[in-house]
Amino acid sequence: MLTAKVARFMQPAPASRFRALSFISGLTVAANSILLLRYFFAANYPEQPFSAFCDLSSRFNCDGFASSLFAQLGNVPVGYFGLLLGLLLCLGAVFPSTGMERTNRYLLLVNLLIACAVLVISIWYLRTLCVLWAGYLTFSLLAFVVFIRYGTSPKPNTLWRYGIDFSLPHLVVIIILGTLGAVGIGLFHETNMEARAVEQYFSLAPVKLPSFISPFWVVRSTQHFEDAPIQVLEFSDFLCDDSAYVAQQLARLERDYPGKMNVILQIYPEEALCNKVIGKDKHPGACEAAYMVAAYGPEKFRKIHDDFFAHYDAAADPAWRRERARLYGVEASMNDPAAQNLVQQMIQTGREYEPTSKQYRYGIRSTPIVILNNRMIIGTYSYLELHAIVKALLDHQQGQMKFMEEWPPTPLWRPYRPVQQ
């Protein structure tokens, strides 16, 4: 009897047990989230020597996940939200209250549902499993079990009530403070993106312009192409979604920097029917679209350019192209020698650039490819990155060189000591 009483005395009270377990679970969630944050920045900015961590195989690695849209909400890494949740769990354990416990339990449920959805979708889409994200999901599940099993606040009777059982004042304060932190880390991420893009751009070797430059001007600020501060020559396919994305970013730059840009579109359809340089059949119908644009002529080019890129998905349908051919009066473009010859002149310039990959014979091997002030950018970049590059180019041309400068106070108490020889 005495032994049983001593055993009951030595056991912690339910509230103490819950506080200890919730604090430990909060620490594990926060620690895993810190690893997610570190990996996110290491994968997106490879100069940080952390990107080899957790890359176990092609099926179990985090590089693809960390570089994808699943790893961030806007420009805020998802690891930040996990870190915030972990800290809230620890805070609720140190300063317990019924309202805080209910709110943390609610946040854990929402977090679990989102984390499970992200895991399933990322595995299906990326064909890999991020070990860190799987660990985060596991620790989040254990934390939720702690709240369900050992929590001291009254538990809802149904799952639906779990989804609405929180303290509104606590939740409002958490949202406000969490948003402030998210803005800060988002700005930090954006600054890193801008700096990386500018550094990578200026590290590129200059390239020449093609021997034949397209007569199709998207933006014309000066009479001669080289006279504008910003000169863009884009190799594009009118049926390519990535080309449409780049066209959208360039249109935004045009609005932000009026009178400073010249943009020429070098038609480059990714269809083997007319493009023997790359021999791809990625976009059937791209040759027909190219001939239509070429037959329409440079004078009215911007209109048909904007129409095609606004409907690049619909333009893959032959019926849509036939309707547009009638609208623009270019029904005979497929049999127009002048249009075909003009497109071929632009296509053949793809042979003039050295290969960027052993898999391809020539540098111009896909779309979009942009030559921006004589440096080649392959693929798509966000508007944030392109804007940073353009701004850096304009600052450089205007002599606005930027330096880091700091003059910390000299500690007078530390005397000079010569190095012993």
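All figures in this text were calculated on a predicted structure; none of them were measured in a lab. One-based numbering along the sequence shown.
A donor-acceptor contact shorter than 3.5 Å links the side chain of Arg19 to the backbone of Ala93. Glu101 contributes no side-chain N or O that, together with a main-chain N or O of Pro96, makes up a donor-acceptor pair within less than 3.5 Å. In this structure a side-chain-to-backbone donor-acceptor pair under 3.5 Å is present from Glu271 to Ala286. Using modelled atom types, no side-chain atom of Ser167 and backbone atom of Met100 make a donor-acceptor pair closer than 3.5 Å. In terms of modelled atom types and a separation under 3.5 Å, the side chain of Glu194 and the main chain of Ala388 share no donor-acceptor contact. The backbone N or O of Gln223 lies less than 3.5 Å from a partner atom in the side chain of Arg220, making a donor-acceptor pair. At least one donor-acceptor pair closer than 3.5 Å links the side chain of Asn373 to the backbone N or O of Pro229. Without hydrogens or angle criteria, Gln249 side chain to Ser382 main chain gives no donor-acceptor distance under 3.5 Å.
Aromatic ring centroids of Tyr381 and His387 lie 6.0 Å or more apart. Taking the centre of each ring, Phe41 and Phe188 come in below the 6.0 Å mark. You'll find the ring centres of His170 and Phe166 outside the 6.0 Å limit. Aromatic ring centroids of Tyr150 and Phe18 lie 6.0 Å or more apart. Remark: aromatic rings of Trp320 and Tyr312 are distant, center separation not under 6.0 Å.
In terms of heavy atoms, Leu273 sits closest to Asp281 at N-OD1, 4.2 Å.
Val78 is not listed as a side-chain neighbour of Val118, based on a closest heavy-atom distance of 4.5 Å or more. Taking 4.5 Å as the limit, every side-chain heavy atom of Glu234 sits out of range of all side-chain heavy atoms of Ile264. Gln266 is listed as a side-chain neighbour of Thr349, based on a closest heavy-atom distance under 4.5 Å. Proximity of Ile364 to Val277: side-chain heavy atoms (C-beta onward) are nowhere separated by under 4.5 Å. Here the side chains of Leu137 and Cys116 are in contact, with some heavy-atom distance below 4.5 Å. For the pair Asp237/Pro368, no side-chain contact is recorded, criterion being any heavy-atom separation below 4.5 Å from C-beta on. Here the side chains of Met292 and Phe238 are not in contact, with every heavy-atom distance at 4.5 Å or above. At a threshold of 4.5 Å between non-hydrogen side-chain atoms, the residues Thr28 and Leu142 do not count as touching.
In this model, a donor atom of one side chain and an acceptor atom of the other lie less than 3.5 Å apart for Glu270 and Thr367.
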(request) Would you please test Leu394 and Tyr257 for side chain to side chain contact (heavy atoms under 4.5 Å, CB included) and show each step? (result) CA-CA 10 Å; Leu394 292 174; Tyr257 296 100; 3.5 Å; yes
(message) Using the rule given for side chain to side chain contact (heavy atoms under 4.5 Å, CB included), can you reason through Leu342 versus Met346, listing the C-alpha separation, both sets of side-chain angles and the distance that settles it, and then say yes or no?
(response) CA-CA 7 Å; Leu342 180 56; Met346 289 182 274; 4.0 Å; yes
(request) Check step by step if side chain to side chain donor-acceptor pair (under 3.5 Å) holds for Gln348 and Gln344. (result) CA-CA 6 Å; Gln348 294 307 313; Gln344 278 302 314; 3.2 Å; yes
(request) Check step by step if side chain to side chain contact (heavy atoms under 4.5 Å, CB included) holds for Ile213 and Leu233. (result) CA-CA 9 Å; Ile213 296 180; Leu233 188 140; 3.9 Å; yes
(request) Go through the steps to decide whether Tyr136 and Asn111 satisfy the test side chain to side chain donor-acceptor pair (under 3.5 Å), and finish with yes or no. (result) CA-CA 10 Å; Tyr136 174 75; Asn111 170 73; 2.5 Å; yes
(request) Dump the intermediate steps for side chain to side chain contact (heavy atoms under 4.5 Å, CB included) on Tyr353 and Met376, then the final yes or no. (result) CA-CA 10 Å; Tyr353 294 90; Met376 184 183 293; 3.6 Å; yes
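For the pair Lys300 and Tyr296, the cation-pi criterion (under 6.0 Å, within 45° of the ring axis) is fulfilled.
Note on ring orientation: taking the six-membered ring where Trp is involved, the planes of Phe216 and Phe301 are tilted (angle from 30° to 60°). Ring geometry for Phe202 against His396 counts as tilted: the plane angle lies between 30° and 60°, on a 0 to 90° scale.
Checked against His283 for a side-chain contact (heavy atoms from CB on, under 4.5 Å), the options Ser243, Cys240, Pro269 give a single hit: Cys240. If you run salt bridge (charged side-chain N to carboxylate O under 4.0 Å, His left out) between Asp307 and each of Arg324, Arg321, Arg302, only Arg324 comes through.
Between Glu331 and Arg322 there is no salt bridge, since none of the side-chain N atoms of the basic residue sits less than 4.0 Å from a carboxylate O of the acidic one.
Other residues, nucleotides and ligands place no more than 12 heavy atoms under 6.0 Å from the CD atom of Glu354.
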